[in-house]
Amino acid sequence: MINGQVSAKNYAKYLRQHEWTYSACGDDVVVVFVNMSKEVGMSCGTTTVHELEYLVIEDILRNAERIFKTQNITQSIVFIIRSLKEAFNGEYKRTPPFPVWTVVHMALGSSFVLCCFFSMYICRLLYSQ
């Protein structure tokens with residue numbers, strides 16, 4: 001829920017399961033756009049979920065929401081349609097997650113090297129006299 005209202009994801013799920021029961025075999029997808037909060041929600045039938053990986057569906061939804069927030073609804077809809085087509089054809093490439101631990105390790109390693117150089121500098125100043 002967003003600000004006491006139904007979320008786009010829950011509304012998409014409600015529409016797919018109760019109002020728009022077009023497919024008995026579960027190969028349906030319902031996408032809901034909320035213009036005021038720039039939120040995108042998607043609900044997929046059971047066949048669609050089995051056909052596509054959950055992480056692919058989440059990645060498509062996350063990227064569509066990013067496009068919707070920065071650009072417009074039309075580009076977001078086109079992105080979702082193209083991405084789902086690629087996913088069903090096995091051609092969709094997931095956006096790699098941000099490598100948080102790699103950055104943390106690099107920062108710690110850099111800090112260690114700087115501490116070593118600083119301690120060498122201090123030792124040289126103290127014992128060179």
Side-chain angles (χ1 to χ4, degrees):
M1 292 182 61
I2 299 175
N3 299 331
Q5 299 174 357
V6 175
S7 69
K9 182 178 180 178
N10 289 340
Y11 190 59
K13 183 177 179 180
Y14 171 78
L15 288 175
R16 188 183 60 75
Q17 292 179 341
H18 301 289
E19 297 294 326
W20 298 341
T21 53
Y22 298 124
S23 172
C25 56
D27 61 352
D28 50 349
V29 176
V30 174
V31 181
V32 172
F33 292 87
V34 180
N35 201 28
M36 288 183 69
S37 62
K38 298 294 184 187
E39 182 188 11
V40 180
M42 184 171 15
S43 177
C44 301
T46 54
T47 305
T48 304
V49 171
H50 288 302
E51 192 73 26
L52 303 178
E53 292 180 33
Y54 177 75
L55 294 174
V56 169
I57 295 170
E58 287 298 314
D59 190 59
I60 292 170
L61 188 58
R62 184 175 42 256
N63 288 330
E65 195 164 66
R66 182 183 44 79
I67 292 168
F68 184 42
K69 286 180 180 178
T70 59
Q71 296 170 28
N72 64 31
I73 192 171
T74 306
Q75 290 170 326
S76 187
I77 292 171
V78 169
F79 171 80
I80 288 175
I81 292 169
R82 285 184 181 155
S83 297
L84 286 173
K85 180 182 176 186
E86 289 174 3
F88 281 116
N89 291 333
E91 302 166 354
Y92 184 80
K93 302 291 186 234
R94 276 190 18 224
T95 306
F98 184 74
V100 175
W101 286 112
T102 304
V103 173
V104 169
H105 287 123
M106 289 174 58
L108 289 173
S110 300
S111 299
F112 178 74
V113 170
L114 284 173
C115 287
C116 290
F117 281 129
F118 186 69
S119 64
M120 288 172 39
Y121 176 74
I122 296 295
C123 287
R124 184 174 261 179
L125 283 176
L126 290 174
Y127 296 113
S128 67
Q129 298 172 5

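What you see is a predicted model, and the numbers here were worked out from it, not measured in a lab. Below, all heavy atoms of this structure are taken into account, side chains as well, without hydrogens, waters or symmetry copies.
When hydrophobic clusters are built by joining Ile, Leu, Val, Met, Phe, Trp and Tyr residues whose side-chain heavy atoms come closer than 4.5 Å, directly or via intermediates, Tyr127 is grouped together with Ile122. A chain of hydrophobic side-chain contacts below 4.5 Å, direct or via other Ile, Leu, Val, Met, Phe, Trp or Tyr residues, connects Ile81 to Met42. Grouping the Ile, Leu, Val, Met, Phe, Trp and Tyr side chains by contacts below 4.5 angstrom, directly or via other members, places Phe117 apart from Phe112. Leu108 and Val113 are assigned to two separate hydrophobic clusters, defined by single-linkage of ILVMFWY side chains at heavy-atom distances under 4.5 Å. With hydrophobic clusters built from ILVMFWY side chains whose heavy atoms lie under 4.5 angstrom apart, Ile77 shares a cluster with Phe88.
The environment of Tyr11 atom OH is sparse: at most 12 non-hydrogen atoms of other residues, nucleotides or ligands sit within 6.0 angstrom. By the 6.0 Å contact criterion, NZ on Lys9 is open, its count of non-hydrogen atoms from other residues, nucleotides or ligands being 12 or less.
Looking only at side-chain heavy atoms (C-beta outward), Tyr92 and Leu84 stay at 4.5 Å or farther from each other. Between Ser83 and Asn63, the closest side-chain pair of non-hydrogen atoms is not below 4.5 Å.
Remark: Ile80 CD1 to Arg82 CZ distance equals 12.5 Å, nearest 0.5 Å. For the atom pair OH of Tyr121 and SG of Cys123, the computed distance is 12.5 Å after rounding to the nearest 0.5 Å. To the nearest 0.5 Å, atom CD1 of residue Ile67 and atom NZ of residue Lys38 are 13.0 Å apart. For the atom pair Lys69 NZ and Glu65 CD, the distance stands at 4.5 Å (nearest 0.5 Å). With rounding to the nearest 0.5 angstrom, the CZ atom of Phe79 is 9.5 Å from the CG atom of Leu61. Atoms CG and CZ, on Leu126 and Arg124 in that order, are 12.5 Å from each other to the nearest 0.5 Å.
Of all the heavy atoms in Arg16 and Gly45, the pair that sits closest is NH1-CA, 3.5 Å. When every heavy atom of Val40 is checked against every heavy atom of Ala8, the shortest pair comes out as C-CB, 3.9 Å. The minimum heavy-atom distance between Tyr14 and Glu19, with the atom names listed, is OH-OE2, 2.9 Å. Taking both residues in full, the closest heavy atoms of Phe33 and Val31 are given as CE1-CG1, 3.5 Å, listed atom of the first, atom of the second, then distance. The heavy-atom pair separating Val30 from Trp20 by the smallest distance is CG1-CZ3, 3.8 Å.
With Asp59 contributing its side chain and Leu55 its backbone, the two residues share no donor-acceptor pair below 3.5 Å. Proximity of a side-chain donor or acceptor of Glu86 to a complementary backbone N or O of Glu91 within less than 3.5 Å is not detected.
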